[in-house]
S.K.: 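Quick one: the structure is below, questions incoming.
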Amino acid sequence: MKAIKIIECPRDAMQGIKTFIPTEKKVQYIQSLLRVGFDTIDFGSFVSPKAIPQMQDTAEVLAQLDLSQTTSKLLAIIANTQGAEIASKHKEIQYLGFPFSISENFQMRNTHKTIAEALISLQEILEIAVKSNKEVVTYISMGFGNPYGDPYNVEIVGEWTEKLANMGVKILSLSDTIGSSVPETIDYLFSNLIPKYPNIEFGAHLHTTPDTWFEKVDAAYKAGCVRFDGAIKGYGGCPMAKDDLTGNMPTEKLLSYFTAEKANTNCHPISFESAYNEALKIFNAYH
């Protein structure tokens, strides 16, 4: 039975909500996710509170989580070396997530850096991670196209993958920021990159409309991808998305797909149902 890593992303689901979700509500929700058996929980971020006000209490959330009964690892998003330094001081965090965009426009919008500056930051973050016994998950954001007219094709993605591999990147998640991925591109990228870079663990962070999730997951999985990001009910997604229906890959769809494929996600159905109900409560109250 093939083992699948599901990365649940409550941070991605919550970060765009304007109303501040109380810290204790976040803790309660994330605690329910920790019982499910997800490989990793993308639980918060150490970025400027001005940029993402919703995540300003990430350290407080972390301090209140009970991690004694979970097998899930914790991932925090950082946008620069300062964030990496702060996150690396928390022994409970295993992964530092860095969004590296191959769209110059989006890199500036997202981290106020050029691509060249972001590469310098990434090199420093990789060094911080080694010293603090963490791993870095590098996201190629705008990995399936962008709305700004920046150059994009699969060869560009391949060139950047080679550069990142040479820098020592070990986990690389191809990220669909605006729902622009199509099965043909997903299949081409994963089926070409996975065999070429056996030392890199490739992931899929796909955004989708409700009626296109299956073909995207199917294309990535059949091309060899076994690491998938999701968020319950597809909450969240990029605020720049033009289509209100475009959100994160719904975790419940991922789980149903892999159940049908007889793959092992390590997720417990009853615990997931409980977490799903917690998600409905929190997002209905604060969305």
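Small disclaimer: the values here were computed from a predicted structure and weren't measured.
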S.K.: Less than 4.5 Å apart, any side-chain heavy atom of Asp12 and any of Tyr235?
M.R.: no
S.K.: Rounded to the nearest 0.5 Å, what separation is found between the CD atom of Glu24 and the CG atom of Asp57?
M.R.: 9.5 Å
S.K.: Compare every heavy atom of Leu206 with every heavy atom of Ser181, then report the nearest pair and how far apart it is.
M.R.: OG-CD2, 4.1 Å
S.K.: Can you name the closest pair of heavy atoms from Ile52 and Gln15 and give their distance?
M.R.: CG2-CB, 3.8 Å
S.K.: Ser180 and Phe144: which non-hydrogen atoms are nearest, and at how many Å?
M.R.: OG-O, 3.2 Å
S.K.: Answer yes or no: is there a side-chain heavy-atom contact under 4.5 Å between Leu65 and Glu92?
M.R.: no
S.K.: Listing request: all salt bridge (charged side-chain N to carboxylate O under 4.0 Å, His left out) pairs with a residue in residues 28-55, at least two apart in sequence or in separate chains.
M.R.: Arg11-Asp42, Asp39-Lys73
S.K.: Testing the basics here: between Thr71 and Asn266, what is the closest heavy-atom pair and its distance to 0.1 Å?
M.R.: OG1-ND2, 4.0 Å
S.K.: For the CD1 atom of Ile30 and the CD1 atom of Ile41, what is their distance to the nearest 0.5 Å?
M.R.: 8.0 Å
S.K.: Roughly how far, to the nearest 0.5 Å, is SG of Cys267 from CG of Leu33?
M.R.: 10.0 Å
S.K.: At what distance, to the nearest 0.5 angstrom, does OG1 of Thr40 lie from CZ of Arg227?
M.R.: 5.5 Å
S.K.: Provide the closest heavy-atom pair for Lys113 versus Asn80 in the form atom of the first, atom of the second, distance.
M.R.: NZ-CB, 3.8 Å
S.K.: Measure the shortest side-chain to side-chain distance between Phe214 and Lys253 over non-hydrogen atoms and say whether it is less than 4.5 angstrom.
M.R.: no
S.K.: Do the rings of Tyr221 and Phe258 sit parallel, tilted or perpendicular, given the 30° and 60° boundaries?
M.R.: perpendicular
S.K.: Does Thr265 form a side chain to side chain contact (heavy atoms under 4.5 Å, CB included) with Thr259? I'd like the steps, not just the answer.
M.R.: CA-CA 8 Å; Thr265 62; Thr259 298; over 6 Å; no
S.K.: So how far is it from Gln82 CD to Glu124 CD, rounded to the nearest 0.5 Å?
M.R.: 12.0 Å
S.K.: Does Lys163 qualify as a cation-pi partner of Trp160, given the criterion of NZ or CZ under 6.0 Å from the six-membered ring centre and within 45 degrees of its axis?
M.R.: yes
S.K.: Is it true that atom CG of Asn133 has more than 12 heavy atoms of other residues, nucleotides or ligands lying nearer than 6.0 Å?
M.R.: no
S.K.: Would you say the side-chain atoms of Lys26 pair up with the backbone N or O of Ile21, donor to acceptor, closer than 3.5 Å?
M.R.: yes
S.K.: Looking just at side-chain N and O atoms, do Thr111 and Gln107 make a donor-acceptor pair shorter than 3.5 Å?
M.R.: yes
S.K.: Out of curiosity, Met108 CE to Ser103 OG, how far, rounded to the nearest 0.5 Å?
M.R.: 11.0 Å
S.K.: Examine distances only and state if a side-chain atom of Thr70 and a backbone atom of Ser72 form a donor-acceptor pair shorter than 3.5 Å.
M.R.: yes
S.K.: Give me each pair satisfying ring-ring contact (aromatic ring centres under 6.0 Å, His included) with a member in residues 38-65, each pair once, sequence neighbours excluded.
M.R.: Phe46-His90
S.K.: Take Asp176 and His205 through the test side chain to side chain donor-acceptor pair (under 3.5 Å) and record every step on the way to the result.
M.R.: CA-CA 6 Å; Asp176 177 7; His205 183 102; over 6 Å; no
S.K.: I'd like to know whether Glu278 forms a side chain to side chain donor-acceptor pair (under 3.5 Å) with Ser274, so could you lay out the CA-CA distance, the side-chain angles of the two residues, the decisive distance to 0.1 Å, and finally the verdict.
M.R.: CA-CA 6 Å; Glu278 287 294 328; Ser274 174; 5.5 Å; no
S.K.: Would you name the heavy atoms of Cys225 and Ile194 that are closest together and state the gap between them?
M.R.: N-CD1, 3.6 Å
S.K.: Do Val154 and Thr185 touch side chain to side chain, with heavy atoms closer than 4.5 Å?
M.R.: yes
S.K.: Please check if the number of heavy atoms outside Gln69 that lie under 6.0 Å from its CD is greater than 12.
M.R.: no
S.K.: Do Leu164 and Leu122 have side-chain heavy atoms sitting under 4.5 Å apart?
M.R.: yes
S.K.: Is Lys25 positioned over the aromatic face of Phe20, cation under 6.0 angstrom from the ring centre and no more than 45 degrees off axis?
M.R.: no
S.K.: Are the side chains of Tyr29 and Ile232 in touch, meaning some heavy atoms are under 4.5 Å apart?
M.R.: yes
S.K.: Has Gln64 got more than 12 heavy atoms of other residues, nucleotides or ligands less than 6.0 Å from its CD?
M.R.: yes
S.K.: Where does the angle between the aromatic ring planes of Phe202 and Tyr197 fall among parallel (under 30°), tilted (30 to 60°) and perpendicular (over 60°)?
M.R.: tilted
